[in-house]
Amino acid sequence: MFAYPDAARYRLGVNYQQLPTNSARAPVYCPFQRDGLMNFSSNYGDDPDYIGSSLRPTTFATSSKGNYVSSTITEHERWIGEVCSFTSTVTDQDFEQPAALWKVLRREPGQQDRFVGNVADSVQKVTSAKLRASVYDLFARVDPQLGAWIKENAEANIH
């Protein structure tokens with residue numbers, strides 16, 4: 001027997017939660033659930049598909065005193081778990097496997113060149129210099145030469 005959400009997704013499509021009988025009573029901001037069959041919402045316009053974008057930061061409700069509105073979550077719900085706006089940080093450990101893969105790509109001639117070319121081709125289309133700089137910094141954490149190499153290739157083709 002299927003669980004209700006699985007059966008609903010099968011019968012109605014991914015937007016089964018937009019139907020009045022399945023939708024939340026209070027407005028819910030969920031931009032990573034959109035598009036697909038039976039979408040009859042505003043589809044969040046041009047909002048990014050994730051929360052926490054530096055281009056369009058998420059704002060949380062505040063009281064008249066400027067404090068964040070306190071949660072209405074019961075102690076039981078708090079104990080089970082609650083949704084939070086921040087779950088982790090990026091640490092050096094997150095770059096160990098990408099660094100190892102980058103070293104593997106050295107073994108095959110041309111692999112690193114193609115990788116840098118593909119990334120630089122995508123990054124050069126980003127109009128925000130601040131965003132491009134954060135991409136270069138991110139790749140520099142994998143390997144300092146990699147970040148510089150991508151920056152050199154991408155910036156050379158920006159008009």
Check your understanding: Is there side-chain contact between Leu138 and Phe95, with heavy atoms separated by less than 4.5 Å?
Key -> yes
Review point. Can you name the closest pair of heavy atoms from Asp92 and Arg141 and give their distance?
Key: OD1-NH2, 3.1 Å
Review point. Going from CD on Glu96 to CG on Asp94, what distance comes out if it is rounded to the nearest 0.5 angstrom?
Key: 8.5 Å
**Study point:** Sidechain N-carboxylate O distance under 4.0 Å for Asp137, Arg132
**Key:** no
Check your understanding: So which heavy atom on Asn157 is nearest to which on Gln124, and how close?
Key -> CB-OE1, 2.8 Å
Exercise for review: Tell me whether Leu146 is reachable from Val90 by hopping between hydrophobic residues (I, L, V, M, F, W, Y) whose side-chain heavy atoms are closer than 4.5 Å.
Suggested key: yes
Check your understanding: When rounded to the nearest 0.5 angstrom, what distance separates CG in Leu101 from CG in Asp143?
Key -> 12.0 Å
**Study point:** Contacts of Trp102 that satisfy ring-ring contact (aromatic ring centres under 6.0 Å, His included) - sequence neighbours left out
**Key:** Phe115
Exercise for review: Would you please name every residue forming a side chain to side chain contact (heavy atoms under 4.5 Å, CB included) with Ala120, sequence neighbours left out?
Suggested key: Asn153, Ala154
**Study point:** Working for side chain to side chain contact (heavy atoms under 4.5 Å, CB included), residues Arg106 and Gln112
**Key:** CA-CA 6 Å; Arg106 287 184 189 148; Gln112 287 185 332; 2.8 Å; yes
Review point. In Å, rounded to the nearest 0.5 Å, how long is the span from CD of Gln145 to CZ of Phe139?
Key: 15.5 Å
